[in-house]
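To start, the structure under review is shown below, and the notes come after it.
Here is how names work: the chains are called A, B, and so on, in the same order as the sequence lines, proteins then strands, and each is numbered from 1.
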Amino acid sequence: MRDTPLSNCERLFLLKAIEEKKRLDGRQTYDYRNIKITFGTDYGCCIVELGKTRVLCQVSCELVPPKDSRPTEGIMFFNLELSPMASPAFEPNRQSELLVLLNRQLERCLRNSKCIDTESLCVVSGEKVWQIRVDVHVLNHDGNLMDAASIAAISALSHFRRPDVAIQGQDVTVFSPEERDPIPLSIYHMPICVSFAFFLQGSYLLVDPCEREERVKDGLLVIAMNKHQEICSIQSSGGIMLLKDQVLRCSKIASVKVSEISELINKALENDRKIRKEGGKFGFAESMPKERITTLKRDKAPVEMTDVEETANDIVNRTETTTEVVPSPVLVATGTAQVGEGIVNSWGLDEDEEDEPLTEDRKTDEVMIISDSEEEEVVILNEEAQKSKKKK
Amino acid sequence: MAGLELLSDQGYRLDGRKAPELRKVQARMSVFAQADGSAYLEQGNTKALAVVYGPHETRGSRSKSLHDRAVINCQYSMATFSTAERKRRPHGDRKSSEMSLHLKQTFEAAVLTELYPRSQIDIYVKILQADGGNYSACVNAATLALVDAGIPMRDYVCACTAGFVEDTALADLCHAEESGGGTSLALALLPRSGNIALLQMDARLHQDHLSALMEAAMTACKGLSKVLDGVVRQHLEEVSVLTSE
């Protein structure tokens, strides 16, 4: 299904608001929306909510023979899917540009930056290695899928535990979680993507664009960083022209945001670990508030209201009262009332009809013929009733 | 490949270049008679071929045409014999699709598309031999092909890669340097205004080094633009000599 196109007035409104440094939900230029990370009952399952954008990530593992070129390293496989439930624009089985871009960016952010120690995933060199598969599903699209996907992926990878293996000669025994505790993956660092949207030929930029803002953007710059201030990947897209100092400024902003988000992820992981240890209830069902309507829930949006009243009063006082006098309706006959006199017919009629003067002294009990009909005779129905009324 | 150091103590790289030196660039324009514009470019051992058709009427679905601009359609593919191991899928895989998208965005920013509403410009690029800097070679070859086709552009689009080894920025990486695990930054630049049309970087780099790396890439691009300009002028001289008689 095609997505509804953005109307011109909506586009102009959004651009005008961005020029005045105002956003639809009242955020500042560099503010992120509320990030909520919840883990499921299985290890390696995580849902990230970035405002209304919701992304689910699941990590799983499998023993496979390794690649020929790298016999001692494990394999990482990333897959991002745009589920049709996320947005009417996403159709199943259609490889759109957005899907390719998101997949490649996710791969670049997590694989090329070597955040996971792949050598530790080797079980038997050249024969069996662990293949870690990261599946990201977009559940709701409200802008900035890249950031949400990267946060979900790295949180899920940090949360995941793989089964323990024991090697005795040529025998490989994989222990189930009941026999031996599963082992977490060894993660060197947590790369997180930060998206910057550029508007109006690069003069304005916004962090974490929502879906509406994304539609009017000129281009996008995605910087993946970790909290040690190392840039893992930069990607500019959308055909905007950037200047070198713009990119440097963005990287500085990104480092601040990334440290905040890393804090959040670590705290969420800590909480989950504590709850599991204490034997409390955990999982997705716990994270959703019970007995509350969730679909129509709206968070309070901090909108600037300081001078709204003054501006409104200003506008009201400035407008002059209309001098037009509207006459009250006159009841001319049963079922016929008249308001005003009407203007002269300007449809280009014959000469003599134009000179017909407007009769001001109309007798109220005279029946008015208000019709444009071309017929010679106009028959007035209900004549007897009229006459009887007059007599009374 | 242990023991191959990317930068020796005397400051020489694997192929004997110094850190900011570019590889030898050789290019020819108008290599195909059928296409509106074509160019063949060699950057060291990387060989790229670019062909431009257009501007012509939008083929295929009418809905793709824009009422006020031309649509640029790019396809990037690598020949199966271009890499050391034979490539089984030359186009259609994710990396090629992503490269095609990036090329399209780069040229949409540089070409004056407002002059050709409701039409389409096709750019096809093929890598014949890949030795590092595939994207840059494509962009440079495509720029020459667009100039050959006579399509107006804001400026030359020059692209170059840059890497970072031991606090020194290297310009124009070859395949061994790229896959060595170090940083590699690909940058497409419009030299006169200094505007960056595309920026792509993989692998870890500390934030403080970013400025130096970008500076190295931008200087390399500006040097490359002079080379491309020389190629265009020489080609025009040859053509005018042939047609003036």
The interface call for B:L190 against chain A, heavy-atom contacts under 4.5 Å, is side chain
Whatever's closer than 4.5 Å to a heavy atom in chain A on B:L205 counts as both
Turns out that what part of B:H102 lies under 4.5 Å from chain A's heavy atoms comes down to side chain
Scanning both residues in full, the closest heavy-atom pair of B:G132 with B:T46 reads O-OG1, 2.7 Å
- With a 3.5 Å cut-off and no angle check, do the side chains of A:K227 and A:S259 form a donor-acceptor pair? no
Given B:M218, B:Q200, B:M214, the one with more heavy-atom pairs under 4.5 angstrom with chain A than any other is B:Q200
Turns out that what part of A:N226 lies under 4.5 Å from chain B's heavy atoms comes down to side chain
With the side chain counted from C-beta on, respond yes when A:Y30 and A:L206 share a heavy-atom pair under 4.5 Å apart, and no when they do not.
no
Under 4.0 Å between a side-chain nitrogen and a carboxylate oxygen: does that hold for A:K217 and A:E213?
no
Under 4.5 Å to a heavy atom of chain A? For B:E108 that would be neither
Exercise. Side chains of B:Q120 and B:D122: donor-acceptor distance under 3.5 Å anywhere?
Worked result: yes
Open item on the list: Side chains of B:D202 and A:S233: any donor to acceptor distance under 3.5 Å?
Closed with: no
Answer key: most heavy-atom pairs under 4.5 Å with chain B among A:R111, A:Q105, A:H189 is A:H189
Looking only at A:L221, A:V247, A:I234, most heavy-atom pairs under 4.5 Å shared with chain B are made by A:I234
We want to know whether B:T106 and B:Y135 form a side-chain donor-acceptor pair, criterion being a heavy-atom distance below 3.5 angstrom. yes
If one checks every heavy atom of A:E107 against chain B at 4.5 Å, the contacting part turns out to be side chain
Counting heavy-atom pairs under 4.5 Å with chain A, the top scorer among B:S211, B:A110, B:A186, B:G194 is B:S211
With chain B, the option among A:N103, A:N112, A:I231, A:L101 that has the most non-hydrogen atom pairs under 4.5 Å is A:I231
| said: Please tell me whether B:Q207 and A:S251 have a donor and an acceptor in their side chains that are separated by less than 3.5 angstrom. | reply: yes
